Amino acid sequence: SLKQSAPETFPGWIEGFWLAPSPAVDPAMADLCEAARPDLVALALDVLDLRGTTPEATIRALLPRREPLLAPRVARALATVLPRAEAARALDAALASPDDELFFAALAAAFRRGHERALPALREACVSGSPRAARACALLCLVGRASDAERLVAELFAAPTPELVRALGRFGHVDLL
């Protein structure tokens with residue numbers, strides 16, 4: 001019945017499968033990850049991620065797929081799935097993507113993984129005028145160093161946004177006052 005449901009009902013399905021105590025959910029979601037429909041695979045990845053049960057074989061099989069619904073979810077899974085070196089290679093490729101959703105999903109996974117390319121990639125995205133700059137600078141406020149204060153203030157003056165002002169308040173460095 002899931003496969004015949006309207007996509008608008010998928011959030012309810014995700015929550016139901018996430019909370020279900022049945023041990024059959026995890027293998028069923030792993031099987032669903034082999035579906036041809038990206039929306040069903042995305043649902044299965046969301047459930048597996050929420051349950052913390054994403055199999056390595058599933059992520060390896062999905063790494064070559066580039067659908068916009070799947071690539072960010074696969075990148076998100078790399079925060080915890082696959083050996084460190086293998087995940088780092090896949091994350092490096094995702095960090096080079098022009099797709100913002102994939103880039104930021106990979107960035108979050110790279111930070112969770114402690115990947116050394118995460119902070120430099122984030123700083124590169126904070127270049128003023130870049131379409132990613134506002135979102136990247138807001139994130140840099142959370143994970144950056146005192147040396148990033150000048151870059152953040154420059155972005156604030158170049159393109160002020162409420163999100164960046166709030167994020168700078170959380171940064172808490174005296175130079176920003």
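Keep in mind it's a predicted model, so treat the numbers as computed, not measured.
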Kindly compute the distance separating OG (S130) from CG (D100), expressed to the nearest 0.5 Å.
-> 7.5 Å

Close side-chain approach of C141 to L152, heavy-atom, < 4.5 Å = yes

So, the side chain of T9 versus the backbone of S5: is there a donor-acceptor pair under 3.5 Å, distance only?
-> no

Does some side-chain heavy atom of L63 sit less than 4.5 Å from a side-chain heavy atom of L82?
-> yes

Closest contact, heavy atoms only, F103 versus S97 = CB-O, 4.2 Å

Kindly give the heavy-atom pair with the smallest separation between A79 and R112, and that separation in Å.
-> CB-NH1, 3.7 Å

Do P120 and R117 come close enough that some side-chain heavy atom pair is under 4.5 Å?
-> yes

So how far is it from L122 CG to L107 CG, rounded to the nearest 0.5 Å?
-> 5.0 Å

Taken to the nearest 0.5 Å, the spacing of L95 CG from F104 CZ works out to 10.5 Å

Of the non-hydrogen atoms in E155 and A134, which two are nearest, and what is the gap between them?
-> OE2-N, 4.5 Å

Determine the minimum heavy-atom distance between A105 and P72, stating which atoms define it.
-> CB-O, 3.4 Å

Would you find a donor on one side and an acceptor on the other, under 3.5 Å apart, between the side chain of R51 and the backbone of A20?
-> yes

Tell me, with the steps shown, if L142 and R170 meet side chain to side chain contact (heavy atoms under 4.5 Å, CB included).
-> CA-CA 7 Å; L142 297 175; R170 289 185 203 104; 4.0 Å; yes

State whether the number of non-hydrogen atoms from other residues, nucleotides or ligands found under 6.0 Å of W18 atom CH2 is greater than 12.
-> no

Contact check, side chains of T58 and E34, non-hydrogen atoms, under 4.5 Å = no

Can we say E101 and R135 salt-bridge, meaning some charged N sits less than 4.0 Å from an Asp/Glu carboxylate O?
-> yes

From the list D49, T54, D46, side chain to side chain donor-acceptor pair (under 3.5 Å) with R73 holds only for D46

Are V47 and L70 in one and the same hydrophobic cluster, where Ile, Leu, Val, Met, Phe, Trp and Tyr link if side-chain heavy atoms are under 4.5 Å apart?
-> no

Sidechain-backbone polar pair: R113 side chain, A87 backbone, donor-acceptor under 3.5 Å | no

For E15, does the CD atom sit with more than 12 other heavy atoms under 6.0 Å from it, leaving out its own atoms?
-> no

Would you indicate whether the side-chain heavy atoms of L45 and I59 approach each other to under 4.5 Å?
-> yes

Can you check whether R145's main-chain N or O pairs, donor with acceptor, with D148's side chain at less than 3.5 Å?
-> yes

In this structure, CG of L119 is separated from NE2 of H115 (nearest 0.5 Å) by 12.0 Å

For the pair R132 (side chain) and C137 (backbone), establish whether a donor and an acceptor sit closer than 3.5 Å, ignoring hydrogens and angles.
-> no

Give, for atom CZ of R151 and atom CG of L140, the distance between the pair rounded to the nearest 0.5 Å.
-> 6.5 Å

Do you reckon V25 sits in the same ILVMFWY cluster as L43, going by side-chain contacts under 4.5 Å, direct or chained?
-> yes

Minimal heavy-atom distance between D39 and P7, with the atoms involved, is OD2-CG, 4.3 Å

When rounded to the nearest 0.5 angstrom, what is the spacing between SG in C33 and CG in L62?
-> 5.5 Å

Treat each ILVMFWY residue as a node, draw an edge where side-chain heavy atoms are under 4.5 Å apart, and state whether M29 and L19 are in one component.
-> yes

Of all heavy-atom pairs between A125 and A136, which one has the smallest distance, and what is that distance?
-> CB-CB, 3.6 Å

Are F171 and F111 linked, directly or through other ILVMFWY residues, by side chains that come within less than 4.5 angstrom of each other?
-> yes

Within one Ile-Leu-Val-Met-Phe-Trp-Tyr cluster: V41 and L32, side-chain cutoff 4.5 Å | no

Got a salt bridge between R60 and E56, using NZ or NE/NH1/NH2 to carboxylate O under 4.0 Å?
-> yes

Between R37 and K3, is there a donor-acceptor pair closer than 3.5 Å when you use the side chain of the first and the backbone of the second?
-> yes

Show your reasoning for whether side chain to side chain contact (heavy atoms under 4.5 Å, CB included) applies to L2 and F10.
-> CA-CA 8 Å; L2 165 65; F10 284 5; 3.9 Å; yes

Are the side chains of P55 and L48 in touch, meaning some heavy atoms are under 4.5 Å apart?
-> yes

